[in-house]
Amino acid sequence: MFEISGFDTAGVVSLKRLSLAAALKKARELVEDGCWDVQVVDPTGRVHIPFEEQAGSSWRWAGSAATSSRAR
């Protein structure tokens with residue numbers, strides 16, 4: 001199971017998808033909808049970043065939460 005997490009104005013967003021493709025698609029949708037610090041973690045613990053820059057967000061690897069340049 002692939003876990004997608006991030007934040008929105010209501011708090012923590014936490015979702016799961018069966019495939020990496022579905023998880024990355026949902027992560028992109030969350031960012032496009034205004035969420036920040038969105039990341040996908042696979043069953044082995046590897047962090048997958050869906051894209052480097054889109055919707056005004058900047059991403060980084062390093063196994064930690066992705067960071068967004070979006071003003072909070």
**Message:** Checking S14 now: which residues fulfil side chain to side chain contact (heavy atoms under 4.5 Å, CB included) with it, not counting sequence neighbours?
**Reply:** none
**Request:** Working to the nearest 0.5 Å, report the span between CG of D33 and NZ of K26.
**Result:** 7.5 Å
Under 3.5 Å, side-chain donor or acceptor atoms of residues 3-12 against the rest of the protein: list the pairs with distances, not counting sequence neighbours.
unit_1: D8; atom_1: OD1; unit_2: A10; atom_2: N; d: 2.9
unit_1: D8; atom_1: OD1; unit_2: G11; atom_2: N; d: 3.0

**Request:** Begin from the C-alpha positions of L24 and H48 and carry the test side-chain contact (heavy atoms from CB on, under 4.5 Å) through to its verdict.
**Result:** CA-CA 8 Å; L24 293 174; H48 295 267; 4.2 Å; yes
**Message:** Are L20 and D42 packed together at the side-chain level, in the sense that at least one heavy-atom pair is separated by less than 4.5 angstrom?
**Reply:** no
**Atom of S19, atom of F2 and distance for their closest heavy-atom approach** = C-CD1, 3.5 Å
**Asked** Looking at M1 and R17, what are the two nearest heavy atoms and their distance?
**Response** SD-O, 3.4 Å
